[in-house]
Amino acid sequence: MSIGIKTIKFPHPKEFLQNVKVLAFKRNNTNPDITSKIDSITTIGINETNCMFDNDTNTVGIFNQDKACIFIKPSKKGFTLRSICIDPATPIKAHFSVKMRQNRLFKEVCAFDADRTVLRNDVGYDILVPIAIAIPEVKSEEFRIDKYQHGV
């Protein structure tokens, strides 16, 4: 048995990057997120709500109940939502549901679990890094995020 180097040549597309798909959206760099265009925020089960949206990592909002809701009403009608970013101040283990208002009712767009309580390969070495979730693109005049504590 001989050991050696073998070079494998992969076929390239005829046109440069013709088979590459990128998930990207044009964004308004002066006001890139919903927090710059919020008309109102109403919460249930959260203390210091204003600290959750002030872009200051030294201030924190606190979930004071196992169930919590955040209602966000953007000032722009038909706001397009594509992602959610949660920046935990303490280790978090919860189930989240993102909903949009449609015909006077809230319809679930996506749901996900967030577990930043244990150092594992799929979590990484910093359990307080932001949790970013891509969601199907939706337009609405009001959004709701429900948080349910695991283990209750």
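One is the number of the first residue; the rest follow in order along the sequence.
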Nearest heavy-atom neighbours spanning Pro130 and Asp87: CG-OD1, 3.8 Å
Side chain proximity check, Thr117 to Ile92, heavy atoms < 4.5 angstrom: no
Between OG1 on residue Thr43 and CZ on residue Arg144, distance to nearest 0.5 Å: 12.5 Å
Interatomic distance, Ile135 atom CD1 to Ser83 atom OG [nearest 0.5 angstrom]: 7.0 Å
ILVMFWY network linking Phe106 to Val138, side-chain heavy atoms under 4.5 angstrom: no
Where Lys147 and Gln149 come nearest, the two heavy atoms and their spacing: NZ-OE1, 2.9 Å
From Ile84 atom CD1 to Ile133 atom CD1, the distance as rounded to the nearest 0.5 Å: 9.0 Å
Pairwise side-chain contact, Val98 with Phe112, heavy-atom cut-off 4.5 Å (strictly under): yes
Value rounded to 0.5 Å, distance of CD in Glu142 from NZ in Lys73: 5.0 Å
Pair Asp146 + Lys99, salt bridge at N-O below 4.0 Å: yes
Shared hydrophobic cluster for Ile86 and Phe71 (ILVMFWY, side-chain gaps under 4.5 Å): no
Single-linkage hydrophobic cluster Ile46~Ile44, side-chain heavy atoms < 4.5 angstrom: no
Atom pair CG (Leu81) and CZ (Phe143), whose distance is rounded to the nearest 0.5 Å: 4.5 Å
side-chain contact (heavy atoms from CB on, under 4.5 Å) partners for Thr80, two or more places apart: Arg82, Glu137, Lys139
Test side-chain contact (heavy atoms from CB on, under 4.5 Å) applied to Glu141 - qualifying residues, sequence neighbours left out: Lys77
Ala111: side-chain contact (heavy atoms from CB on, under 4.5 Å) partners, not counting sequence neighbours: His95, Glu108
Closest approach of Cys110 to Pro136 (non-hydrogen atoms, all atoms of both residues): CB-CD, 4.4 Å
Candidate pair Tyr148 and Asp66, rule side chain to side chain contact (heavy atoms under 4.5 Å, CB included), full reasoning: CA-CA 6 Å; Tyr148 305 94; Asp66 292 334; over 6 Å; no
